[in-house]
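Computation of the quantities below employed the complete heavy-atom set of this structure, encompassing side-chain atoms and omitting hydrogens, waters and symmetry-equivalent molecules. Every chain is numbered from 1, with letters handed out A, B, ... down the list of sequences.
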2 protein chains.
Amino acid sequence: MRSGFGQFCPVAVACEVFAERWTPLILREMFAGSMHFNDIRRGVPLISSALLAQRLRSLEARGVIVRESAAQGRSSSYRLTDAGREFKPVIEGLGAWGQRWTVRVSRDTLDPGFLMWNMHRRIDLARLPNGRTVLRFDYSGVPARCRGPRQFWLLLDRHGCGICVEDPGLEVDLCIDADLATMTSVWLGDTPLADALRSRKVRLLGPRTLVREFPAWLMLSRFAHIQRPASHAPGP
Amino acid sequence: MRSGFGQFCPVAVACEVFAERWTPLILREMFAGSMHFNDIRRGVPLISSALLAQRLRSLEARGVIVRESAAQGRSSSYRLTDAGREFKPVIEGLGAWGQRWTVRVSRDTLDPGFLMWNMHRRIDLARLPNGRTVLRFDYSGVPARCRGPRQFWLLLDRHGCGICVEDPGLEVDLCIDADLATMTSVWLGDTPLADALRSRKVRLLGPRTLVREFPAWLMLSRFAHIQRPASHAPGP
DNA sequence: CGGTATCCCCCGCGATACTG
DNA sequence: CAGTATCGCGGGGGATACCG
């Protein structure tokens, strides 16, 4: 199969750059802030290493990203160019469509590691208490398919949010005990967190102050606020 | 390769529907007004019949289009659903990106039939003279690869525009003699029609009135008016 | 960490022919 | 016109191992 479409139409040419398998997800990940190879992989865990490298090379060749080798290390980083940044409306349009017209939570898409990787970038740091706050998430209802851990620590302070997959040995301030499907649904905006707490599918264990404040820290998915069409609303 | 991406992210789920090979072009064609199988094929000439049928079935199954079988004929038609129509901003975003950041006219993308198929939908019918106007386009500089004809008739009146590939036997009111690459560049907004006329790479043969009015009838590509970034402007 | 190198399978897709 | 049926291939990409 010839790779291109053989058309001068701007949509066709853009598709040759943008619409290859995995590429929109790689760009989504870079818009979310990832700049390093393995950070991108955490956001697109099912892509193989070889293929990610190939896609990044292709995007670089087409002027969508630039690769910058760190001065004296093996660490290199990738940034969107001006051209790459202009794919943002396309990614946002796709996300809005997916939010409005699809069911996303299913056995095949649940993944606690992926959920946490997304969540850790959507903590409203400005609302945190002073000093460090340590959260632990314990997930139940994780599909057997999922390889990784089902327990995660978030280390929060005003300057950032670190994610740990092994016990960092710090005192945990607040523990979130959650059914994975429910928490994913909350993240996507399909279930209000208050409902999930009321039904006890998500439980917050810790000091009252933190329990009360937690919902305000946790910003949801960038698309969570987009409303479904009335004709397609989820049942109660 | 598993077809999906295994992610609950709305972007990923939307990509499973939208970002398959050929699918964005099929939708572009439907947004441009095509509703029948072979009309869509004229806008996506390199897709095979079998694959187009498969893609249409897939889009129908995902609720993006509906297929309506005509009451008593073999003719069926396809329409975008509400969900399908909401891909419009995505297509437009891709087209805008392609317009701003790519070179589209090359030996591999030139195609007089495809150009005419697009052009015939972008004639400003309201500006036409009364009655019927017959145009004939004669293309030179057509790559050997192109199979079809290099001469086309447009039959214009206030109610529509018909495209013919064989001599309809009507008197031609205006003949457009054009280098294909130049006309394509004009269509895409990269070359002003006035420049192409001045350099005589496009020539209009007919009564003065029609010659003067023609540029006003010919609307260009929907993306032609989108400006390139200053850093990426085409040379003079 | 940040990738390459290889192998090899499988299926997406193009080509062609055919049908109501 | 509007597709279906069938076949065969090419290369995309998954798996695995390896390297600086």
Go through the structure and list residues passing side-chain contact (heavy atoms from CB on, under 4.5 Å) with B:Ala96, not counting sequence neighbours.
B:Ile226
Those residues at least two apart in sequence (or on a different chain) that pass side-chain contact (heavy atoms from CB on, under 4.5 Å) with B:Ile163 are B:Arg42, B:Met116, B:Trp117, B:His120, B:Leu154
Does the side chain of B:Ser34 pick up a donor-acceptor pair with the side chain of B:Arg121 at under 3.5 Å?
yes
Counting just side-chain N and O atoms, does B:Ser48 come under 4.0 Å of either OP1 or OP2 of C:dT16?
no
Is there a side-chain polar atom (N or O) of B:His36 under 4.0 Å from OP1 or OP2 of D:dC1?
no
Tell me: [atom1] of [X] to [atom2] of [N], nearest whole Å?
| X | N | atom1 | atom2 | result |
| --- | --- | --- | --- | --- |
| B:Ile26 | D:dA2 | CD1 | P | 15 Å |
| B:Ile40 | D:dA2 | CD1 | C1' | 11 Å |
| A:Tyr78 | C:dG2 | OH | C1' | 8 Å |
| A:Arg42 | C:dG2 | CZ | C1' | 15 Å |
| B:Leu52 | C:dT16 | CG | C1' | 17 Å |
| B:Glu60 | D:dG3 | CD | P | 10 Å |
| A:Ile47 | C:dG3 | CD1 | C1' | 13 Å |
| B:Met35 | D:dC1 | CE | C1' | 16 Å |

Can you name the ring-ring contact (aromatic ring centres under 6.0 Å, His included) partners of A:Trp153, sequence neighbours left out?
none
Residues two or more places apart in sequence or in another chain: which of them pass ring-ring contact (aromatic ring centres under 6.0 Å, His included) with B:Phe18?
B:Phe87
Nearest to side-chain heavy atoms of B:Arg21, which nucleotide of C:dG14, C:dG3, D:dG14
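The closest nucleotide is C:dG14.
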In terms of side-chain heavy atoms of A:Asn38, which of D:dG14, C:dG3, C:dG2 is nearest?
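Ranking D:dG14, C:dG3, C:dG2 by closest atom to the A:Asn38 side chain puts C:dG2 first.
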Quantified as the angle between the terminal helix axes (five pairs each), what is the overall bend of the helix from C:dC1-D:dG20 to C:dG20-D:dC1 to 10 degrees?
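The angle, to the nearest 10 degrees, is 50°.
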When all nucleic acid strands are considered with a 4.0 Å heavy-atom cut-off, which category describes B:Arg41: base, sugar-phosphate, or nothing?
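If one applies the 4.0 Å heavy-atom cut-off, B:Arg41 turns out to touch nothing in the nucleic acid.
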For residues 83-94 of chain B, which residue pairs qualify under salt bridge (Lys or Arg N to Asp or Glu O under 4.0 Å), counting only residues two or more places apart or in two chains?
A:Arg100-B:Glu86, B:Asp82-B:Arg85
Would you give me the side-chain donor-acceptor pairs under 3.5 Å for residues 169-178 of chain B, sequence neighbours excluded?
| from | atom 1 | to | atom 2 | distance (Å) |
| --- | --- | --- | --- | --- |
| B:Asp173 | OD2 | B:Val134 | N | 2.6 |

With rounding to the nearest 0.5 Å, note down the distance linking OH in A:Tyr78 to CZ in A:Arg67.
4.0 Å
So, using salt bridge (Lys or Arg N to Asp or Glu O under 4.0 Å) as the criterion, who are the partners of A:Arg158 when residues are at least two apart?
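Checked A:Arg158 against salt bridge (Lys or Arg N to Asp or Glu O under 4.0 Å); zero matches.
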If you restrict it to nitrogen or oxygen atoms, what contacts under 3.5 Å exist between nucleotides 4-6 of chain C and the protein, and what is each distance?
| from | atom 1 | to | atom 2 | distance (Å) |
| --- | --- | --- | --- | --- |
| C:dT4 | OP2 | A:Arg57 | NH2 | 3.4 |

